[in-house]
Amino acid sequence: DSCLTVVTAGDYDLNGTVEVTDIVSAIDGIFSSEHTADSTFAFDANNSGRITVSDVVAARKSVLNAQQYDYSERNIAIADMEYKTMGRTVVDTDGSLYFDLTASGLSFNTYCYGNVETTFSASSAEWITVIVDGKENMQKLKSGTQTVTIAEELTAGKHTIEIYKQMEGDHSLNLHSVTLNGEIVEAPKNAELLIEFAGDSITCGYGNVVDPTVVSSARVTDGYKSYGAQTARLLGADWSNVSKSGAALVYKEGMPNDHIPTIYKQQSYQKTDVYAFDRTADIVVINLGTNDAGVLSGMSEEQKKEYFRD
């Protein structure tokens with residue numbers, strides 16, 4: 001990344017003007033053990049290809065804001081922090097945040113430094129996508145309760161952290177707490193646009209990732225890289241993904257397929273209470289019929305008519 005140091009130099013030798021020697025003194029102060037000079041590190045925050053005045057102002061504001069926060073180490077229960085959810089999530093009976101649908105997750109803002117750890121419970125092995133200040137990485141979780149380091153060696157200041165579930169609804173996660181050196185502040189704002197995607201394995205992203213080190217790998221889906229999540233990000237929108245491999249549009253008794261119209265009414269794939277729809281999607285994209293076609297193959301025309309009668 002492009003990076004510069006903005007140095008605030010005073011008239012150190014008191015000769016009435018700020019000269020090169022004063023700037024050198026200020027630079028020396030930045031790299032001294034006392035770090036007495038006033039400095040700001042700016043980067044190309046708006047991806048314009050260069051560092052502009054607005055980048056420097058934003059960086060300077062971040063430094064001044066950072067000085068207002070307490071950087072003590074603390075463990076914060078999810079119930080006691082502000083966060084933004086993406087997709088369908090449920091506050092569980094123990095106060096933790098539950099999510100099972102692919103590409104569901106949360107984000108939060110923090111003023112902190114050093115490492116950030118999270119405590120998860122996973123119903124089985126699971127993969128998550130973690131994004132720290134726009135930089136993406138993947139983490140593998142094992143079955144059971146565990147503490148996972150999701151960010152390392154952060155500089156003191158403001159950071160935005162996002163966590164998204166990669167795999168499908170057969171696997172579930174509970175996020176219990178976050179441990180960091182600092183404070184969690186006001187959550188990221190909702191985007192103006194919310195797009196909901198309902199469908200089968202195509203919408204899940206099934207097959208968009210393969211672990212070549214495992215002969216028979218359960219990790220074949222990355223919801224964060226599904227077409228729905230990518231489309232929403234390109235449009236600057238929030239997303240919700242209600243999908244399941246093998247799901248069909250029509251349900252008949254004895255049919256093995258999941259039924260998306262039923263799942264769509266639920267809180268999540270495994271949480272069957274009625275979903276509150278507390279935020280209404282602006283756009284709903286439905287991609288179904290592939291698995292219905294599989295069921296229909298070999299049927300007579302009369303059988304097909306009967307299949308769709310209801």
Side-chain angles (χ1 to χ4, degrees), residues 84-90 97-107 122-129 131 138 141 162-175 191 193-211 217-235 237-252 255-296:
K84 169 187 173 180
T85 59
M86 191 73 77
R88 297 189 182 186
T89 62
V90 179
L97 186 69
Y98 171 95
F99 41 111
D100 60 30
L101 289 166
T102 185
S104 57
L106 78 159
S107 60
S123 65
S124 57
E126 174 67 81
W127 285 84
I128 57 174
T129 297
I131 302 163
M138 293 180 291
L141 305 181
E162 306 168 64
I163 303 170
Y164 300 106
K165 185 177 182 293
Q166 288 190 8
M167 296 168 70
E168 295 193 40
D170 310 274
H171 313 262
S172 64
L173 290 177
N174 285 76
L175 176 58
L193 185 67
L194 171 61
I195 308 176
E196 189 148 51
F197 299 86
D200 50 32
S201 59
I202 298 169
T203 301
C204 288
Y206 184 89
N208 67 0
V209 62
V210 175
D211 186 344
S217 174
R219 183 177 175 246
V220 293
T221 300
D222 182 352
Y224 186 74
K225 289 184 169 61
S226 64
Y227 76 82
Q230 291 195 59
T231 299
R233 290 197 296 276
L234 288 170
L235 294 173
D238 291 338
W239 69 82
S240 177
N241 189 323
V242 184
S243 60
K244 184 67 176 63
S245 289
L249 177 62
V250 178
Y251 175 78
K252 291 291 182 179
M255 200 173 89
N257 306 65
D258 284 301
H259 182 227
I260 282 298
T262 297
I263 298 171
Y264 191 78
K265 298 174 185 177
Q266 301 174 177
Q267 291 179 325
S268 68
Y269 180 67
Q270 297 185 45
K271 299 282 190 181
T272 58
D273 287 348
V274 176
Y275 182 55
F277 290 95
D278 47 358
R279 185 181 178 194
T280 304
D282 301 286
I283 300 170
V284 178
V285 179
I286 301 172
N287 185 357
L288 285 169
T290 303
N291 296 305
D292 295 276
V295 173
L296 294 173

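Just the heavy atoms: all of them, side chains too, but no hydrogens, waters or symmetry mates, feed the values below.
- The closest side-chain heavy-atom distance from Asp258 to Ile263 is below 4.5 Å.
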Exercise for the section: Would you check, one step at a time, whether the test side-chain contact (heavy atoms from CB on, under 4.5 Å) holds for Leu106 with Leu97? Expected result: CA-CA 9 Å; Leu106 78 159; Leu97 186 69; 4.2 Å; yes
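- With sequence neighbours left out, Ser172 forms a side chain to side chain contact (heavy atoms under 4.5 Å, CB included) with Tyr98, Asp100, Ser123, Gln270.
- Atoms OG1 and CE, on Thr129 and Met138 in that order, are 7.0 Å from each other to the nearest 0.5 Å.
- Counting only residues at least two apart or on different chains, no salt bridge (charged side-chain N to carboxylate O under 4.0 Å, His left out) pair has a member in residues 198-208.
- Taken to the nearest 0.5 Å, the CG atom of Leu235 stands 7.5 Å off from the CD1 atom of Ile283.
- A donor and an acceptor atom, one from each side chain of Glu168 and Tyr206, are nowhere located under 3.5 Å apart.
- Looking at residues two or more places apart in sequence or on another chain, you find no salt bridge (Lys or Arg N to Asp or Glu O under 4.0 Å) involving Glu162.
- For Asn208, there are no side-chain hydrogen bond (donor to acceptor under 3.5 Å, both in side chains) partners at least two apart in sequence or on another chain.
- Atom-to-atom distance recorded for Leu175:CG and Ile163:CD1 is 5.5 Å, nearest 0.5 angstrom.
- For Ser243, the side-chain hydrogen bond (donor to acceptor under 3.5 Å, both in side chains) partners two or more places apart in sequence, or in a different chain, are Asn241.
- Across Ala229 and Gly223, no two heavy atoms sit closer than the pair CB-O, 3.5 Å.
- Within the 3.5 Å criterion, the main-chain N or O of Gly199 finds no donor-acceptor partner in the side chain of Asn287.
- To the nearest 0.5 Å, atoms OG1 (Thr272) and CD (Gln266) are separated by 5.5 Å.
- Here the shortest heavy-atom pairing between Ile260 and Ala198 reads CG2-CB, 4.2 Å.
- Distance alone, capped at 3.5 Å, is enough to place a donor-acceptor pair between the Asp282 side chain and the Leu194 backbone.
- Asp170 is linked by a salt bridge (Lys or Arg N to Asp or Glu O under 4.0 Å) to Lys244, counting only residues two or more places apart in sequence or in another chain.
- In terms of the side chain to side chain contact (heavy atoms under 4.5 Å, CB included) criterion, residue partners of Tyr275 (sequence neighbours excluded) are, by chain and number, Arg88, Phe277, Asp278.
- Contact detail for Pro261 and Ala248: the closest heavy-atom pair is CD-O, 3.9 Å.
- With rounding to the nearest 0.5 Å, the separation of CG in Asn291 from NE2 in His259 is 12.0 Å.
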Handout entry: Pair Tyr264-Val284, side-chain contact (heavy atoms from CB on, under 4.5 Å): steps then yes or no
Key = CA-CA 11 Å; Tyr264 191 78; Val284 178; 4.0 Å; yes
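- Not counting sequence neighbours, the partners of Tyr164 by the ring-ring contact (aromatic ring centres under 6.0 Å, His included) test are Tyr224, Trp239.
- Scanning for salt bridge (Lys or Arg N to Asp or Glu O under 4.0 Å) contacts around Asp238 gives Lys84, Arg279, with sequence neighbours left out.
- With sequence neighbours left out, Lys265 forms a salt bridge (Lys or Arg N to Asp or Glu O under 4.0 Å) with no residue at all.
- Qualifying side-chain hydrogen bond (donor to acceptor under 3.5 Å, both in side chains) partners for Ser201, counting only residues two or more places apart in sequence or in other chains: none.
- Nearest heavy-atom pair across Ser124 and His171 is OG-ND1, 2.6 Å.
- When all heavy atoms are compared, the tightest approach of Thr221 to Val209 is N-CG1, 3.5 Å.
- No donor-acceptor pair under 3.5 Å is formed between the side chain of Ser104 and the backbone N or O of Met86.
- Here Ser226 pairs with nothing under the side-chain hydrogen bond (donor to acceptor under 3.5 Å, both in side chains) rule; sequence neighbours left out.
- Between Phe99 and Thr85, every side-chain heavy-atom pair lies at or beyond the 4.5 Å cut-off.
- Distance check: Thr203 OG1 to Glu196 CD gives 11.5 Å after rounding to the nearest 0.5 Å.
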